[in-house]
Amino acid sequence: MPLNAGDTGYGSVPPGHGLSGSVGASESAPLLIPEPEPEAEAVRWQPLSKEKLEAAAGGPGWRKVRFYLVLLFWLAWVAMLATSIAIVVMSPRPVVTPLRWWQKTVFYQLQPELTVEQQTEGSRGISALCEQLPYLRSLGIGALILEGLFDKEASPLTLTATGERVKTLAQIQHLLAESNKAGLKVVLDICELRVSGPQDVDEPSNFTASHALRFWLEQGVAGFAICDTDAAYSEKSLMEWRSVFKEFSSQEEERILVVKQTQDVLSPLNNSTLVDVVMRSILPSSHHPLSASEVADAIETHLQTREEDIWPSWTVGGKASHDLKKLLLVLMMTLPGSPAVQYDEDIDKTKDKEKTKHAAVALFTSLSRSRAREEALLYGSFTFLPFNSSSNSTAAPPSSPPVLAFLRSWGCVHFLVLLNVGSELHALDPAWAPSLPKAGVFVSSTGMDRLGSMTLETLELQPHEAIVIKLFEAGSYS
């Protein structure tokens, strides 16, 4: 008989007993069989429907969030706009002073008979000058100062009498008419002529200098030039002249008075508004050409001495080496004031054109156009930049004239003008002006052979060279 026969034994389930029996029965349930659990339903993620999404987004909480976000955006935008406006308004900027025509123009001094030197008749000289007027205007010249038209012994009665080589008054009137057509103004030089003061006994008492001035102003003359040593240079005479000028002046067509300064110091006037322009010479008068050192000293003296009472006009004046001719032109065109260029054969249309003359015309045109369009060169501030002895190239001998430099600035625009008066090569010391921007572009040079961008650290000035550079900060092209 088997051992387990009739014996239920441990772990066996009697017949008829289920799993859900009594406690005794559960204790006899097999231990290795787990109790079945009810199946859990599978949970699947589903996106919100359109109706549910609209219901959630339109709730009061989300509405408040969106309102505050939009409000914050507009407040930040208004704050940035207000800050930008405040920066623009409060930032220091140069004040533009409207310039009059004689402050923006380039004067050109000449005697009519000198324009055709090989011809002996002054009338033909006038005709040649009339033909050149559009050409002179194209160079950037705005006004002519005509010299030598009157007899040296002129008086108020004979002020309308012309010199021996310019035969007739009609030819000068024709020149004035043609100048106005070409857009050129004309200033008559009556320096060293007696046009005021005591009248001669033989002269009519009702004929004064005012009558002579009116006569020429009626012909279209834009003004007159006198010397500071003339009798007319007095407050009494100039006030009479001013009253005559007002009769013919308008806002666009002002009549001006130019005073040529022949002495070291201009005699002051109590009323400085009686004079519009003071013409000063860069070089002192001399019977022989000045040396490079003398030229450098004269230039440096003018650069360090600034007189701002009356608008200045600059002319070369004294004699200098032909090698410095272009350098002096660059200086005149870039100094504060109106340049007064003397007659130059190199830009005379009637002369034979050589390669050097083409370069002279290109230089003149480049300078005049740069001056016309750049505020810094018209009315920008002036800063003289002295060179220390260590700033010059070691190759230059100690007796060589120093490099001269000055800065014309308007706002964030800077023009650097460098003048090498000497006959030696000069390299700039990188530590010469550490505050200046190192990068820039060439605007003009005496050789018209410098183009494109440059850096001051690698710049070398050739003998007798002048360079105009427009500086800018790194990454800026203003």
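The chain is numbered in sequence order, starting from 1. Everything numeric in this text was worked out from a predicted model, so none of it was measured.
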> Do the side chains of R100 and E253 get close enough for a salt bridge, i.e. N-O under 4.0 angstrom?
no
> Among side-chain atoms of S281 and Q261, is any donor-acceptor pair under 3.5 angstrom?
no
> Please identify which of these residues, L335, T334, L407, meets the side-chain contact (heavy atoms from CB on, under 4.5 Å) condition with F382.
L335
> Flag the pair I467 / F442 as yes when at least one side-chain heavy-atom distance between them is below 4.5 Å, and no otherwise.
yes
> Strictly below 4.0 Å, N to O, side chains only: are R255 and D276 in salt-bridge contact?
no
> Without hydrogens or angle criteria, can the side chains of S338 and W102 be said to hold a donor-acceptor pair below 3.5 Å?
no
> When you compare the side chain of V403 with that of W432, does any pair of heavy atoms fall below 4.5 Å?
no
> If you look at every heavy atom in P284 and L290, which pair is closest and at what distance?
CD-CD1, 3.8 Å
> Give the minimum heavy-atom separation between I282 and A298, together with the two atoms involved.
O-CB, 3.7 Å
> Regarding N271 and E235, is there a side-chain donor-to-acceptor distance under 3.5 Å anywhere?
no
> With distance as the sole criterion, is a donor-acceptor pair present between the side chains of Y108 and D344 under 3.5 Å?
no
> May I ask you to decide whether E465 forms a salt bridge with R450, counting only side-chain N to carboxylate O separations under 4.0 Å?
yes
> Quick one: do the T365 and S368 side chains pair a donor with an acceptor below 3.5 Å?
no
> Any Lys/Arg nitrogen of E457 or K438 sitting under 4.0 Å from an Asp/Glu carboxylate oxygen of the other?
no
> Is P336 close to R408 at the side-chain level, that is, under 4.5 Å between some pair of heavy atoms?
yes
> Within the 4.5 Å heavy-atom criterion, are V275 and L238 side-chain neighbours or not?
yes
> With heavy-atom distances below 4.5 Å as the criterion, would you say the side chains of L461 and L425 are in contact?
no
> I145 versus M279: any side-chain heavy-atom pair under 4.5 Å?
yes
> Kindly give the heavy-atom pair with the smallest separation between V443 and S370, and that separation in Å.
CG1-OG, 3.5 Å
> Answer with yes or no whether the side chains of Q132 and D348 bring together a donor and an acceptor at under 3.5 Å.
yes
> Provide the closest heavy-atom pair for M332 versus W314 in the form atom of the first, atom of the second, distance.
SD-O, 3.4 Å
> If you compare all heavy atoms of V221 against all heavy atoms of V186, which two are closest, and at what distance to 0.1 Å?
CG1-O, 3.6 Å
> Should we count CZ of R369 as having more than 12 external heavy atoms under 6.0 Å?
no
> Which value, rounded to the nearest 0.5 Å, describes the distance between C130 atom SG and H174 atom NE2?
4.0 Å
> Considering all heavy atoms of both residues, which atom of V106 and which atom of I141 are nearest to each other, and what is their separation?
O-CG2, 3.6 Å
> Are Q109 and Q342 linked by a side-chain donor-acceptor pair shorter than 3.5 Å?
no
> Would a distance-only check, ignoring hydrogens and angles, find a side-chain to backbone donor-acceptor pair under 3.5 Å from Y379 to W410?
no
